[in-house]
Amino acid sequence: MGIGELDREAHVAEGTGAAAPRTLAEALRARGDEGLAALLRARPDLLNPVPNDLTQLATRAGTRGSVVRALERLDRFALQTAEALAVAPDPAPYPVLLALLTGDEGDPAIEAALPGAVALLREQALVWGEDDRLRLVRTARELLSPSPQHPSPTGLGPTVAEATSGMSPGRVQEIIAAAGLPATHDPVSAVAALTGLFTDRARMGALLDGAPPEALAVLDRLVWGPPYGEVTANPAPPVRWLRDRGLLLPVSARTMVLPREVALHLRGGRAHRAPEPAAPEVAVLREHRPQVVDGAAAGQAYTALATVEELLKSWDKGGPQVLRAGGLSVRDLRRTAAALDVTEQVAAFWLELCHGAGLLASDGEADERYAPTPAYDDWLDLPPAERWARLVTPWLASTRTSGLVGGQDTKGRALSALGPDLDRAAAPEVRHRVLGLLATLPPGAAADPETLFARLRWERPLRGAVTAGPAGSGAEGAGPALPDDLRSRLARWALAEAELLGLTGRGALSAPARALLNLPLAEAASPADEGGGVEESVAAERAATLLAPLLPEAVDHVLLQADLTAVAPGPLRRPLADALAVLADVESKGGATVYRFTPGSVRRALDSGLTASDLHDFLTAHSRTPVPQPLAYLVDDVARRHGHLRVGAASAYVRCDDDTVLGEILADRRSAALGLRRLAPTVLAAQADPAALLDGLRAMGYAPAAESAEGDVLVTRADAYRTPARTAPVPVPDGPPAPDATLLHAAVKAIRAGDRAATAVRREPSAPTPAGSLPRTSSAETLATVQAAAMTGSAVWIGYVNADGAASQRVIAPVRVEGGFVTGYDHTADEMRTYPLHRITGVAELADDQV
């Protein structure tokens, strides 16, 4: 509900002569349907379940958990307004609240912003009452009011009346006498006289003019909080001077407190040292041309795709084992980071990104390990821009927070990548808000991170703060929230991760990111490009369409060089990339990937079933340069020796048509560990298994081939290991989901109907009915009453017990009574219902003009 709507409702109430509300329930009852819908939209936890009536809604809105959640979602100025109300008289007139925020000198910015803050607090049912009697809900007052255990965020202490509540009457008389006030006949009037002195600016100024300079210095240290200070059994003269005149009041034998009225006088009437009525602006750090930003973002997006492919390809045959407590070990994370040539924190991000996109999971076997999922193969078949969209869309919604990896949970246990306890419900909101704030800057402009974090802290000063509750956020003198609170860390991680993913380029938001967030583009070519309101899948498709032209085009050739290397001048098409990954090893990555051919890589290709002629044809077909002679010699040399030796299972054996080669192997001392002996001129038996025998002979410089039991050469292909089908992790919700318009309309309608039924006035029964109990009448009387109501079209109040034994009170308008059932319009449920007569405990007529 906006300010204008609230004003209109107030004018309507004034015009009709409606009395001021005495409770929050009455204030809610005076709202229109739009006002109730605004409350339920802002505080969706109140809808679970839908309240029966407005009294129950008001009760639920005042519970501690709901109030804390609502306070956490206030911006800094709205929260400062609530904090000022917590130290103001209850109820507080609007001018008193304004004076607490502006002080004696006034502030036009605060005067302009305060009506909106009060309207927001009213809308969320944290404040109720007219402007002449503003009331903070009791739970919020308890959370934000000063106490020794939880100092007020304003830094103010208790009032004079609160601080002197346990003081003897004689001591109170001594204080007012020292302050120059006449004696009174009772402590109440004495406290009132002292309060009047402290709130009278002229008399208070005269009193302080006579204070010693050292006493004023003591007040200066306490004025902005915390207001409590320790003293010795024999305090110094300045402290005694203040204590004798009530400017400091004892709360214990060793603790003194500065009364609220004294602090407000010293502060010039302000409850806060630095009110912040306006949100801080996000400053521009540097500006680039939008085309430069989009190009840089596209380069990062391509690198992200390449990194994900490299990571999952390295785990193609099965990745590291899963820890017993879940997650990846520190050693395996370190190995992954080294393989990707990134830091461990960045490696954890890529792992969590793959996990969140459903491309990586544990296999669920007894010896559980991580591996790519079947969805990874489907992902590889997509065009590059669509693969990018499949990564960033789940990242935006994921509550998994890789930045926590390496830290500890609340029990002191280490947090591991892919492990439990990495969900933070606020992460999606922070990511969207960070990108949204970047979108408010001119196209191509990068934000100053510090001003961005300051804006986020203003918008949600309590979210992510590690405190016992809103009241534990510290005294006003402690300054704003520390930049290392959870929300600021989430924002810092979001900025870095958005850059890694290519959502930003050089710190500025790219055009594909704007499309993904449903934001209008810098140069919209058509109404369809204006974004806003489209579905997530459509937004991802639009983002992929914008990114596709910016990504480097895949090539189908390489440049072979005489030093046994091949240079890929761009990203290779998938069949070529897969085949080249078998034939050569990646030596360096970047804009142009360099592959190196080695005897081991060529043997790997031959092991996969290719022949030397196949390799020559492949190199000739995919090279823009002639095949260098050294590379052709390398292929022929390895192919000539490949399969010359045959290894089979005996435990294992070696056979070769050239017995001199077998003699060389036996004579080589490196073969002693294999346990070889000659069975025939062309056959050697081994005590090692075939795999160990193959590795041992290859280490000696030979190129043996494995053979089957039938004597055929075994073709070894890099068959991929996949987990069973897995679903991506579901984000942890940050409280109840926001209700849609249909749910809000139905909820408001049900609450209104239930409230009409609950507030309907009943006629006085012949026998008194205990408060809260169901009406009790005989079967004959019940039947006669509902039949009469059906004939006259009037409503009645019934008590009803359902099949489960749950009792309830309902207001119904009977329309038909037959066959032991009564059918009528149930005002409580706001629909037509039928009730068995034998389950109605009793019936009572309503007063005239009800329902």
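Note that the structure is predicted; figures quoted are calculated from it, not measured. For this chain, numbers begin at 1 and follow the sequence in order.
- Heavy atoms only, all atoms of each residue included: D563 and R596 are closest at O-NH1, 2.9 Å.
- The two residues P428 and S398 have their closest heavy-atom pair at CG-O, 3.5 Å.
- In this structure a side-chain-to-backbone donor-acceptor pair under 3.5 Å is present from H355 to L360.
- Salt bridge status for D607 with R604: absent, with no side-chain N to carboxylate O gap under 4.0 Å.
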Side chain to side chain contact (heavy atoms under 4.5 Å, CB included) assessment of W395 paired with L503: CA-CA 11 Å; W395 172 78; L503 288 167; 3.3 Å; yes

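- When only modelled atom types and interatomic distance are considered, T620 and D617 share no side-chain donor-acceptor pair under 3.5 Å.
- Atoms CD and CH2, on E497 and W350 in that order, are 9.5 Å from each other to the nearest 0.5 Å.
- Looking at F453 and V434, their side chains never come closer than 4.5 Å, going by heavy atoms from C-beta outward.
- Atom CZ of R369 is separated from atom NZ of K317 by 13.0 Å, given to the nearest 0.5 angstrom.
- Counting only N and O atoms by type, the side chains of T742 and D740 include no donor and acceptor under 3.5 Å apart.
- Counted by atom type alone, Y721 and D363 present one or more donor-acceptor pairs between their side chains at under 3.5 Å.
- Within a 6.0 Å sphere centred on CD of E368, heavy atoms belonging to other residues, nucleotides or ligands number more than 12.
- Counting heavy atoms from C-beta outward, D421 and R413 have side chains that approach closer than 4.5 Å.
- What you find for P626 and L560 is that their closest heavy atoms are O-CB, 4.3 Å.
- Between E429 and R487 there is a salt bridge, with a side-chain nitrogen of the basic residue lying less than 4.0 Å from a carboxylate oxygen of the acidic one.
- A 4.5 Å side-chain heavy-atom check between P569 and R624 finds every atom pair outside the cut-off.
- Using a distance-only test at 3.5 Å, with no hydrogens or angles considered, a donor-acceptor pair links the side chain of E352 to the main chain of L418.
- What you find for G356 and A728 is that their closest heavy atoms are O-CB, 3.4 Å.
- Checked by atom type and distance alone, the side chain of T565 never pairs as donor or acceptor with a backbone atom of Q561 at under 3.5 Å.
- One N or O on the side chain of T611 and one on the backbone of D614 form a donor-acceptor pair closer than 3.5 Å.
- Taking 4.0 Å as the cut-off between side-chain N and carboxylate O, R722 and D377 count as a salt-bridged pair.
- Note that the OG atom of S402 and the CD atom of E344 stand 13.0 Å from one another [nearest 0.5 Å].
- Counting only distance, with no hydrogens or angles, the side chain of T401 and the backbone of L404 share no donor-acceptor pair below 3.5 Å.
- With respect to the salt-bridge test (charged N to carboxylate O, under 4.0 angstrom), the residues E309 and R387 qualify.
- The shortest non-hydrogen separation linking P512 to W388 is CB-CH2, 3.9 Å.
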Evaluation steps, salt bridge (Lys or Arg N to Asp or Glu O under 4.0 Å), between R69 and D45: CA-CA 9 Å; R69 193 175 293 111; D45 57 290; 3.4 Å; yes

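- Residue-environment remark: CD (E541) stays at or below the threshold of 12 foreign heavy atoms within 6.0 Å.
- Between the side chains of D423 and T399, at least one donor N or O sits under 3.5 Å from an acceptor N or O.
- Judged by a 6.0 Å distance limit and a 45° cone about the ring axis, R390 is not positioned over the six-membered ring of W379.
- To the nearest 0.5 Å, atoms CD (E365) and OG1 (T723) are separated by 10.0 Å.
- Considering only heavy atoms from C-beta on, L353 stays 4.5 Å or farther from L500 through its side chain.
- In this structure, V293 and L509 have side chains that are not in contact, with every pair of non-hydrogen atoms separated by 4.5 Å or more.
- Separation of atoms CG (L559) and NE2 (H622) is listed at 13.5 Å; rounding is to 0.5 Å.
- Within the model, atoms CG of L564 and CZ of F597 stand 8.5 Å from one another, a figure rounded to the nearest 0.5 Å.
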Criterion side chain to side chain contact (heavy atoms under 4.5 Å, CB included) on Y302 and L550, from CA distance to verdict: CA-CA 10 Å; Y302 170 71; L550 303 174; over 6 Å; no

Worked verdict on V602 versus L634 for side chain to side chain contact (heavy atoms under 4.5 Å, CB included): CA-CA 8 Å; V602 174; L634 174 64; 4.0 Å; yes

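- The shortest side-chain heavy-atom distance between L437 and E459 falls under the 4.5 Å cut-off.
- Residues L610 and L583 have side chains not in contact (no heavy-atom distance under 4.5 Å, counting atoms from C-beta outward).
- Considering only heavy atoms from C-beta on, L580 comes within 4.5 Å of V558 through its side chain.
- Shown here for D75 and P461, the closest heavy-atom pair between the two residues is C-CD, 3.9 Å.
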